[in-house]
Amino acid sequence: MSEMSMEKAELALPATNDVIDEEVRLGFWLTLPAQCLVLFIAVFPILMQLYISMTDWSPLDGIPWYRAYELWIGLINYTDLASDSRFWAALWRTFVVMIVCVPIQFLLGLGLAVLFVDEFPGKRWFYSTLLVPMMVVPAVAGYMFFLLFQSGGPVNDLLSVFSSSPVRIAWLSDASLALVAVMAADIWQWTPLMFLILLAGMISVPQDQQMAAVLLGASWWRRFVTIVLPRMKTIIIIALAIRTIEIFKIFDTLYIMTGGGPGVATETISVYIYKVTQQDLIWGYVAAIALVILIVLSVVSAYAISTMSKGAKVR
Amino acid sequence: MILLLLAISLVPTLWMLSMAFKPIAEWSASGAELTWWPKSPTLDNFRFIFGQSSSELIVSLERTAARPIMASLLAASFGTLIAMTAGTAAAYGLSRFGKGSNLPLALIQLRLFPPMAVMIPLMIMWAFLGLIDNWFGLAVVYGIVTLPFAFWLMKTFFDDMPREIEDAALVEGCSRLRVFTRITLPMMRPALASSALFVFILNWSDYLIALLLTTRDWVTIPVYMTSLSSSMTGQLYGAKAALGLIAAIPPVILGIAIQKHLVRGLTFGALKE
Amino acid sequence: MTQIALSNLGKKFGAFTALAQMNLTIGDGEFVALLGPSGCGKSTTMNMIAGMVAPTEGDIRFDDRSILNVPMSRRGVGFVFQNYAIFTHMSVRDNLSYGLRAQGVSTPERNRRVSAMADLLQLTPMLDRQAAGLSVNILQRLAIGRSAVVEPAIFLLDEPLSNVDAAFRSVMRSELKELQRQFSQTMVYVTHDQLEAMTMADRIAVMDHGKLLQVGTPLEIYNNPQDIFVARFIGSPGMNILEGRIAQSDKGKLVDLAVIGRSAPLILSGRAAIEDLPEKILFGFRPEQVNPDPNGTLALPVNFVERIGARSILHLGADSMGVKAVLDNQITLPNIGDILRFSIDPKKVRLFDPVSGNAVGGAD
Amino acid sequence: MVMKFASTRRKFLSTTTAAGVVAIGAPFYLRPGRVKAAEGLADGMVGGPTGFAGAERYQYGPDSPEGRAIEAARSLKAAGKAPERIVLGLSDGSIGQITQPFPAGAPSIKDLWEQETGIKLDIVGVPNGQEFTKVMQDISTNGGAFDIYAVEWNRLGDLAETGGIVNLDEYVAAHRPEWDDVDRGYVGGEKGVSLLNNYRGSTYGVSLDGDFQTWNHRTDLFSDPKEQKAFADKHGYALAPPKTWKEHDEIAAFFHRPDEGLFGSTDLRNQGWGYTNWYQRYVSMASPNQYLFADDGTALINSEQGVAATQEYVNSLAHHSPDAISWSWPEQYGNFASGGAAMTCAFSNLPKFLDNAANEGSKVTGKVGSHLPPGRVHGDEMVRRSVLWLNLSASVSAQSAHPEAAYLLLQWLGSSRIYSWMTANPGGYFDPFQLANFADPLVRETYHDYHMDVVRETVRRTVPTINYPGATAFHNALDENLVAALTGSMTPEQAMQNTERSWKRIARRVGEEKLIEAITANKAAWSDHMDPV
C-alpha cells in the first residue's frame, strides 16, 4: 500500500487498516501465553509418545527413552492394543460409568435446580449445604466412601432401616457392586456442580416468557418442556460435556476407594493406564494407548464442537 | 424429597466430620463397630497431624501436615494464577480480535485428554527441567491443565460484555491496555471470581499429578493423606478425615466470599438472546 | 367479554404497601388505562388480575365470580408483556398456536384459528419464520395475536410501547387502538405515559403511591382533576397550582395570589358554596388558560421561552411562584424579562384544599 | 548413568555441596553427643549405642562389619570423597525405627550414624505401596532424588536389569559384611544371603527386613473351655492351633460368627497382597514343595495341585470378612486389633504392634499366640510352608554420586548388631531375620518370646516368592486371575489356565535363558524341611 492511499484511508475511515493490524498484533500477544503453554504440554509429549509407541521400551530395559530405537518393533504395540481385552474392557467400563453417572447427575441436578429456582424458607442454607461435596478433596472422599461401603458400614446401616433383616452387603468386594459404589461416590461429588450450572441456566430463562406460557394455559410441565428446557439448551450441553469429559478421566476417588478392584471390576481407562505405567512398566505400549486415545478424542471433540458451533450460528 | 436428597448428600460429609473427632479406638474400618457419632470426641487427630500426638506409638509421623498444606496452597494458588492470567488474556484476545484461531479447539482437546496419558513424557520433561518435587513445577502443570476452563469461562463473559463501553473509552483516547485494566477487568470481577474459584477447586483437589510429580518436600495434601497409615491401627482414618476437614476450608471460604457471583458466573454466557 | 370488578383490593409486601383500597369496575368491552408514575401500584394491580401476584386483601371478580382461587393458567387472561415475551426459539406459527395447543384444541380447529388470526394481523407471510429477529411492530402484533387466538376474557397490556422509540410510538398506538376496535374486548392497559392513556383509553384510572386517585374519561380527568396530583400529572405541562388566600372584593370572593395579583372573582358551580372555602387555598389553572391581557389582574415576569412548533411555553415566575403558560404563536410573544399581564377565565379555575389536596368547589 | 547432561548437572551440584562440607562438616566430630557415646562404650568397642542397659550388645569393635563400615566412611570423609548427606528413600512407616531413640536413654540410629561418621542421613518418606513406583520414576526420569532405594525384595531382579542400581560386589569384597556368619548372620548362611541380597550371583541389595508370613491366633478363644468342648464335640479332636489346612479351615469355620463381630480368620485377600496366602496353600501341595516352575522353565500352576489350591483359597473366603477382598494389610491389622478374628496370617511384626500395652487401639493385648504355618500330609511326613514376600531391601542408586558411602551406610545398618538394635524398636516395619536378631533379648521383648521362636521356625519352613526379572508382571498376572476367581468371575480352572498363558508370554519377553538361571537360583533357597505327622 502506498503512502498516499494510506493517507486517504485514514481520512476516510476512523478504523484504518493500521488499527486493524494493531488489533491483530494485540490479539496475538494476548493469546501467546496460552498458546505457549499448550504447545509446551502438547508438542513434546506427543512426538515423544509417537516415537516410543513404535518401540518395546520399558524403563526396566535400563536405556533412556531417546535410545528406545534399539527396541524398535514398528506397529506391534498398536496391533496388540486392538486385541487387548483388558484395555477394551476398561474403556467399556469407563463408558458405563459415563452413561450411568452423567444422566443421573443431570437429572438430580436439574431436579434440584427446579426446586431452587423458586424461593422457599431456608433456601440459602440448603443451597450452601448442597455445594459442600464439591469442596471436599476427592482423596479424602475416597477414604470416606471406602468406609461407608464396608459391609458393617453406614450405607448398609441405612439400607437396614428399609429391610427386615440387617443388610450386610460387601459392596467393595463384589465385582458388580463395587462399580455401583464407585459411581455413587462420583454422583455424590459432582452432582452439585451440575446443579450449580443448571441453576445458573434456569435462573437466566426470562421470567416473562414463562409467565406468558402459563397465561396461555400451559401446565407446569408444558412450560418446562417447551420454554425452560429449550432455552437452557446450550447450557445443558455445556454441563453434560463438562461432566462427560471429567468422568472420562475419573481416577482419584476411585483409585483410593478400590484401586480398580476387586480384580479389574472398577478399572477405568485412567486406572488401567496408571497400572500399565506403574506396575507393568511397558511404556512403549502406554504411549500407543495414549496416542490412540488422543486421536479418538480429537476426532470426537472436533466433530462435537463443529456441530455445536453450527447450532450456535443458527441461533 | 429435597430433604431426603440433602440428607443423603450430607452423609459422607458428616461421616468425615464425625471421623475427624473420633479417638483411635473408634476409627478402624475393619473393627466391628463403625459408629455414626464419636463416643468420646477428641481433638487428637488434629493434634496428631500437626505433630503433637498424645500417644506417640500410633505411628512415627515424620512429617506434619503443615508443609503439605503450604505446598497445596502454593501450587493450587499459583496454578490458578497461571491459568487465570493466560486464560483471561487469551479469552480477551480471541473474543475481541480473534479470527479463525484454532486455539479454542486445542484447549478443549487439552482438557479432554486424561493427564494419565501424558504422564511419562511429563515426568521425563519435568525431571529434565529439575521441576520434580517442586511446588512451582506442580503449579505450572496445574496452570496448563486448568487453562481450558479458565479460558472458556472467561471467553463467554467477554463475548457477553458489550463492546460499546470499551469503544467509548477508546474514542476518548485511552490506550487499549488502560481500557482493559481500568474498564474491562473491573466489570469482569464477578466472572473472574467465580472462574478462579472453579479453577482453584480443580487444582486443589488433584491427587494424581501431585502423586507423580512430588516426592518429599512438596507433596500436597491428598498425597500426604495417603501416607497416613500405621501398623498399629491400620489406616489412620481419623487423621485423614481431620486433614480432609482442614482441606475443605480454603474452597469453602472462597465459595462463601464469592457466593453472590457464583451462579451468575457459571452460565458460560449461554443465555444471550 | 367480561366485566372486571376490583373491590377493596390491597397488596402488601412485608411492611410496604404496594396497593390499598382499590375499587374499580371495568365494563365489558371497555378499554381502561391504569396511569401513574412507576411504583404507583398499577403493575401490581395488573399482576393481581392476571394471577401472578396474590392480593393480601379484597377481591377480584370477573362477571361477579371471584377468581381469587382460579390459577392463572385458567383465568382466561390475555397478557401482553412490556417486551412481548415472544418465544424466540419458536416460529411465528408455533407462537400463535401455543395457547391452543396448551388448551388441547384439536388440530384442524387450531390450524383454522391460527390462520384466521394471522390473516387478521397480517402475519401470514411470516408464519414459518423464526420469531427471533422480527421487527418490533410485528412482535407487538404477534404478542397480541398469540393472546387473542385463545379468546381471552380480558386483555392486559403492560406498557407495550415503552421499548419502542418515540417516532414509531404513534404508529403503534394507532395500530393498537385499531386492534382493540377489531376485537372489541375488555382491555386493561398499564402505562406511565399520559399521551397513550389519553389517546387510546375509554377511561383512565390515575394512581399514585398505591392509591387510586381518580377514574374517568380522558376529558373528565383533564378538565376536572379531583386532586392536585392528578392535576399536575395530567397535561403537558401539568396544571399550575399556586398558593393563595381567599379575599373579599366588591364583586364577590376572589383569590389573593400575593405578588402575582388577585384573581377575577370566583364563579363556582356545583354543590360547594363559596362561603365554605377555607381561607388558605390552592389556585389551579391549566397553562392553556393563561390569557394575555393588558388589563389582566395577574402579572409575572417572563423567565424563559420554549418554542415547540405551533405553540410556545412561557416560563413565568417570581419568588417561589412559578407558572407555565402555553400560547399560540399567532400572538406576539413577550421577550424575556418583560412582565406578562394576564387573566384567567374564572370558569376554568380549579381550587384545591392545601391540606388534603382534594378539589374543592366542583367542576363546571 | 544414562542421561549424560543430567548426570553432569547432578555431579556439579554434588561437588559444590561436597566442597561446602569441608567447612561445615568439621564440628560434627566435636559434638558432645559423640564424646558421651564414646565414654559409654564397653572395652574394646569403637562404636555403637550407649546410655541404656544392654547397650554393649549393639556395640562393635574395629574388626566387625559395623566397625569396618564406620572406619571406611570416616576415611572417605577425611579424603573428601564422602557426601555431605546420604538420601535414603524409605516407606513412611519404617522411618521411626531409624529416627526415634530406643530404648530410653539411647540415641536414635540416625543420630548415631551422623555422630560417628559426620555424614548426614536424610530420610525421604515414600507412601506404603508406592515404593517401587517412586523408584522406577526416579530411575526412568533420571530424577536423582535418592542415594539409596528401599523397595520390595522381589523387585531386585527387575531393578538390577534396569541398570538403575549399583552392583555392590566390589564393596562387599572390600568391606566384608559377614552376612553369612553362622552365629549371627542370615538364616541359612550363604544360601540365605544369596536369596535375599543377590541377583544372578552378584550383590545388588542389602536386606533390611524379615517378611516371613507368620500365623497368629487368639489365645483367649483357643483356651476357652467352653469353646474347646464345643469344638471337640463337633469335630472329634481337640481345639488347638491348626497343623494342617484342613484343620485350619475347620477351626476357622467354627469360630466364624459374623453376627458377633468375629471372623474365622482374617487373611489378606485383596489384589496385590492376597496371593501370599494362596502361595502357602499351593506350595504345600507336594513334597518337598510344589514348585511354580519346573527346572526347564515350564509353569506348573495349571495343574491338579494349582486348581485345588485355588479352589481351597476361594472357599476359604467363607470364613473371612465379606469385605476381605477390598482390605489391605492396614484393614487386616485393624480387624485383628479390634478382636475381629480368631486367626490371622500376617507379617511377623503383628504381635509387636497389636500385643502391645502402649497400643490403646488394640483389644487383643495379652491374647495373641503364634503358630507354625498349616501344612499337608504327604506319606508319613508333613509339609508346612510359609512365604517370604515384600521384604524391604535397600539398593544403591546408580545416580548416587557416592555409591561407596551409601553402601557403607547399608552395611552398617544391615549388620547384626545395629540391625538387632533397630528391629527391637517398635516404631517401624523392619522385622528380625538374622540369627542374632531372634536371640536378642530386646528384640524378643518387643516381638515377644512366644512369637520369636515361632518366627525362627517359620523361617526354616519358608519358600521365596518370585524375585527374578519380570517378578512384577508374573505376580500381577497370577494376582489378577486369583482375584477374578475370588470374585467368582472365573473358575479356579480358568484362573490357572489364564495365569499359565500370561506367564508364558512374560517368560518370552524376559528371555527364557535368563529366566531359567534365575529360577534355579531361586529354587535353591526353597525350604525342604519336613515335619512329623
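FYI, side chains are in, hydrogens and waters are out, and symmetry mates aren't considered; it's all heavy atoms of this structure. Nothing here was measured: the structure is a model prediction, and the numbers come from that model. So that the names make sense, note that chain A is the first sequence line, chain B the second, and so on, each numbered from 1.
- Your options are B/Val223, B/Leu147, B/Val141, and the one with the most heavy-atom pairs under 4.5 Å with chain A is B/Leu147.
- Taking OG1 from A/Thr277 and CD1 from B/Ile120, the interatomic distance works out to 4.5 Å, rounded to the nearest 0.5 Å.
- Listed here is the closest heavy atom pair of A/Leu37 and B/Ala86: CD1-CB, 4.0 Å.
- Two residues are said to be in side-chain contact when any heavy atoms from C-beta on lie closer than 4.5 Å; A/Tyr143 and B/Met19 fail this criterion.
- Residue contact with chain B, scored on non-hydrogen atoms closer than 4.5 Å, involves the backbone and the side chain of A/Tyr274 alike.
- For A/Leu130 against B/Ser9, the heavy-atom pair with the smallest separation is CD2-OG, 4.2 Å.
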Checklist entry - side chain to side chain contact (heavy atoms under 4.5 Å, CB included) between B/Val11 and A/Trp188: does it pass, once the steps are laid out? => result CA-CA 10 Å; B/Val11 166; A/Trp188 173 76; over 6 Å; no

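- To the nearest 0.5 Å, atoms CD1 (B/Ile8) and CD1 (A/Ile187) are separated by 11.0 Å.
- When all heavy atoms of B/Ala241 and A/Val140 are compared, the pair lying nearest together is CA-CG2, 4.1 Å.
- Between A/Tyr255 and B/Leu208, every side-chain heavy-atom pair lies at or beyond the 4.5 Å cut-off.
- The minimum heavy-atom distance linking B/Val118 with A/Gln49 is given by the pair CA-NE2, 3.6 Å.
- Nearest heavy atoms, B/Ser205 versus A/Val137: O-CG1, 4.2 Å.
- A distance of 10.5 Å separates OH of A/Tyr66 from CD1 of B/Ile124, quoted to the nearest 0.5 Å.
- Annotation for A/Met135 and B/Gly255: closest pair CE-CA, 4.3 Å, computed over non-hydrogen atoms.
- Expressed to the nearest 0.5 Å, how far CG of A/Leu196 lies from CZ of B/Phe198 amounts to 8.5 Å.
- Using cut-offs of 30° and 60° for the angle between ring planes, the A/Phe146 and B/Tyr237 rings count as parallel.
- Ranked by non-hydrogen atom pairs under 4.5 Å with chain A, the options B/Leu122, B/Leu243, B/Thr226 are led by B/Thr226.
- With a threshold of 4.5 angstrom between heavy atoms, B/Leu211 approaches chain A through side-chain atoms but not through N, CA, C or O.
- Counting only heavy atoms from C-beta outward, the side chains of A/Gln278 and B/Leu212 approach each other to under 4.5 Å.
- Heavy atoms closer than 4.5 Å to chain B are found in both the backbone and the side chain of A/Met144.
- Your options are A/Ile256, A/Val136, A/Thr191, and the one with the most heavy-atom pairs under 4.5 Å with chain B is A/Ile256.
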